[in-house]
Colleague: 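I am attaching a structure below and will ask some questions about it afterwards.
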Amino acid sequence: MTSLSLDNIGVRRDGAVLLDRVNLRASAGEFIGILGPNGAGKSTLLRAIAGVERLCAGAILLDGADLEQLRPTARARSIAYLPQARDIHWAMTAEAVASLGRFAYGAPHRLGPEDRAAVERALALTDALPFRNRIVTTLSGGEQARIHLARALAAETPILLADEPTAALDLRHALSIGSVLRAKAAGGSLVLAAIHDLGLAQRFCTRIIVLHEGRVAADGAPGEALSESLLAGVFGVGVTDLPHQQFSAHIP
Amino acid sequence: MSDRLQRGSAIALAVASLAILIASCLVGPANLTIGESFGALFDDSAAGTILREIRLPRALAAWLAGAALGASGAVMQGLLRNPLADPGVLGVSAMAALGAVIAIYFNLSTHAEWATPAASILFALAATAVLQAFGAGRLSPARLILVGVGLSSFAGALIALVMNLAPNPFILSDLVNWLFGAVANRSFDDIALTAPFMGAGFLFALFAAPALTALSLGEETAATLGVDMARTRAVAIAGAALMTGASVALAGAIGFVGIIAPHLARPFVAHDPGRSIAPAAMIGGAILAAADLVIRLLPFDQELKLGVAAALIGAPAFIFVAARTQRIAR
C-alpha cells in the first residue's frame, strides 16, 4: 500500500517562497486534485514530489523512506510525472515518445513484451492509438498532451503526478482522461493532479487540496474543500460567477 | 519505418561506408587498375608498398577522423538537444589544435614523430578535465555552450599568439597547413596513437546513448524517467571530447562533418538521438573518406587540404540545414 507523506516541506527560488510548510498525507486509492489560482504553488508542489525541485525545508517520504535517498531508477519506478512544459526536441513518433515511459525498465529501443503491453494499454487509455505512428511534432496540442500522458501512464507506477493533464484537451477527451485518472486511483494508485477546472476536479477527484500563496488553504472531500468563503478568499470569485456551478453540485 | 527496414538500412549504411573506404584505397596517382590494387594489398611488389604504407593509412585516417567527428557530433546534438551543436562546441577541438600548434612551434616532431598528435591528445584531455572540473555535469546546455565558447576563444587566441611568434616562415607554413586539416602522409603509427582514444570515446558515447533518447523530452522529464543527469552529462561530454580530440590529433581541425553527419543519420533511426551515434559515425567516415578521394583525383599541382574541401562542401550544407530546421532556437 503506497503512502506518500510531505513533512513541512518548503521550496524557495531566488528568495521567493514558493511552498511554505506544506504537510500532506496521501495513500493509494486517492485521486487528489490540487487547485489554486496562478502562482499558488500547484506545479511547484508536483515538481517537488517528482524530485525536480530542491527542498529548502522538510522531507518527502515514500512508504517511510526519504525520496531524496532513492536512486533515479527506483524513483522513476515509483513516481511518474507529467510536467506542464511538454517539449519534444526531435521528430520522433508518438509511440516512441510513449515508450520512453518504460525507460526505468530497459533501454528505449529494447523493450520487452511486458513493456510493450504497458505502452499499448497507455495508448489505448489516452485514445492515442490512431496516431501512434505519426511524428509528434505534427500532432495537435491536444493530441500531443495525450501522448505525454500516455508516456506517464505507461510507467504504471504506484504514484502518478500530472500537471494540468486536461489543459489542452477538448471536452470529450478531458472527461475521458478524468475518468482514466480516477480509474487508475481506484485500481490502487495514488494520483495527484494540478487542475484549473473546478468542475472537472469536483467531478472526478476523491479529495481536493487548495493551495494559496504556497500554503495549503483547504484540504478535504470535493464537497467540503471548495466552500463559498474559500472561493471568495482564494480565487477572488463569488460562487455565482462559476461557470460550472450548475454541474459542480453534488456530483461524485 | 518498420524495425526490419531500419535494420536493413543500417546494414546498407555500414556496407556503403566501408565500400567508400575500400574505394579510397584503390584510387590514387600511381596508375594501378583496381584489380592490381586489390591484388597488391597482399604481395611484396612496389604497388603493395604504395597500398599498405600510403593509401591504406591515409584512407583509414580520413575515415576514422570523420567517424569520430560524426559520432561526437551526434552525442553533442543529443545532449544539448540542438541540431546545430558540433564537436567543436565544447572548445575541445580548439584546445587539441592548440596542443598540436605548440608541438609544431617547438619542432617536437624532430625528436619523436608522434609528438604532434600526442600533444594534441594531451590538450584535448586537459580541456575535458577543465570542463569536468567546472562541473560540466551540472551545467545547463546554454551554460555549457558558453563555457565551450570561452574555451574555444581562449585556445584560438593562444593559437594566434603562437603563429604571431613563429620564428620563421617555414614553421608558420607548417602551422597553417596543419590547421587546415589533412590526412596526407599519415602512418599507422598515427592511427595506433589516436584510435584507442576514439574507441574509448565511442564506448562512452554508447553508454550514454539511452539517456540521450530520454533527453528528447527535456532534462527534467528525463530525470523523472530515471536518467542520472549528472552522470549522463559527464559520460557524454567525456565521450565526445575523447573522439573529437583524437580526431583533431589525427587529421587536424576539420569542420562541418560533425554537424552534417548526425543530421544525415537521423532519418535512418526515426530521429532517435540515442541510436543516431553509430550511423553518424558511418556517415562521417564515408564523407571524409570520399572527400579525400575527390581531393586525390583533382588535377591541381598543390593538393587541396581535406579541411578546406570539407568546409567547401560542408558550409553550404550547413546553411541548408540551418534554414530548413525549424526548431533550432532552444
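Here the structure is a predicted model, which means the values were calculated and not measured.
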Colleague: Check the surroundings of atom CZ in A:R54: do more than 12 heavy atoms from other residues, nucleotides or ligands lie under 6.0 Å from it?
Modeller: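 Open: at most 12 neighbouring heavy atoms sit under 6.0 Å from CZ of A:R54.
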
Colleague: Can you tell me which of B:A222, B:A223, B:A214 forms the most heavy-atom pairs within a distance under 4.5 Å of chain A?
Modeller: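 The residue among B:A222, B:A223, B:A214 with the greatest pair count is B:A214.
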
Colleague: Which residues satisfy the salt bridge (charged side-chain N to carboxylate O under 4.0 Å, His left out) test with A:D163, sequence neighbours excluded?
Modeller: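 If we apply the salt bridge (charged side-chain N to carboxylate O under 4.0 Å, His left out) test to A:D163, skipping adjacent residues, there are no hits.
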
Colleague: Which atoms of B:E219 come close to chain A, meaning under 4.5 Å heavy atom to heavy atom: side chain ones, backbone ones, both, or neither?
Modeller: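 B:E219 has no heavy atom closer than 4.5 Å to chain A.
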
Colleague: Check each atom of A:R77 against the heavy atoms of chain B and say whether the ones under 4.5 Å are side chain, backbone, both or neither.
Modeller: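 Neither part; nothing is under 4.5 Å.
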
Colleague: Can you pull out the residues in residues 92-106 of chain A with any heavy atom less than 4.5 Å from chain B?
Modeller: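 From residues 92-106 of chain A, the residues near chain B are A:M92, A:V97, A:L100, A:G101, A:F103, A:A104.
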
Colleague: So which part of A:I79 gets closer than 4.5 Å to some heavy atom of chain B, the side chain, the backbone, both or neither?
Modeller: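 Just the backbone, heavy atoms under 4.5 Å.
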
Colleague: How would you list, in number order, the residues of residues 64-74 of chain B that have a heavy atom less than 4.5 Å from chain A?
Modeller: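 Residues in range: none.
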
Colleague: Pick from B:A209, B:G274, B:P273: which one has the most heavy-atom pairs with chain A under 4.5 Å?
Modeller: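 The answer is B:P273.
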
Colleague: Taking all non-hydrogen atoms of both residues, which atom of B:R81 and which atom of A:W90 are closest, and how far apart?
Modeller: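 Here B:R81 and A:W90 meet closest at CA-CZ2, 3.9 Å.
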
Colleague: When only pairs under 4.5 Å are counted, which of B:P210, B:A211, B:G218, B:G78 shares the most heavy-atom pairs with chain A?
Modeller: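 Counting heavy-atom pairs under 4.5 Å, the top option is B:P210.
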
Colleague: Compare all side-chain heavy atoms of A:R151 with those of B:L217 and state whether any distance is below 4.5 angstrom.
Modeller: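 The answer is yes; the side chains approach within 4.5 Å.
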
Colleague: More than 12 non-hydrogen atoms from neighbouring residues, nucleotides or ligands closer than 6.0 Å to CZ on A:F131, yes or no?
Modeller: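 Check passes, neighbour count above 12.
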
Colleague: Between A:A76 and B:T224, which heavy-atom pair has the shortest distance, and what is it?
Modeller: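 Taking every non-hydrogen atom into account, CB-O, 3.3 Å.
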
Colleague: Hey, is CZ on A:R12 packed in by over 12 heavy atoms from elsewhere, all under 6.0 Å?
Modeller: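 Open: at most 12 neighbouring heavy atoms sit under 6.0 Å from CZ of A:R12.
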
Colleague: Can you pull out the residues in residues 55-72 of chain A with any heavy atom less than 4.5 Å from chain B?
Modeller: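 The stretch touches chain B at A:P72.
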
Colleague: If I compare all heavy atoms of B:E220 with all of A:V52, which pair ends up nearest, and what's the gap?
Modeller: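 Scanning both residues, the minimum pair turns out to be O-CG1, 3.7 Å.
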
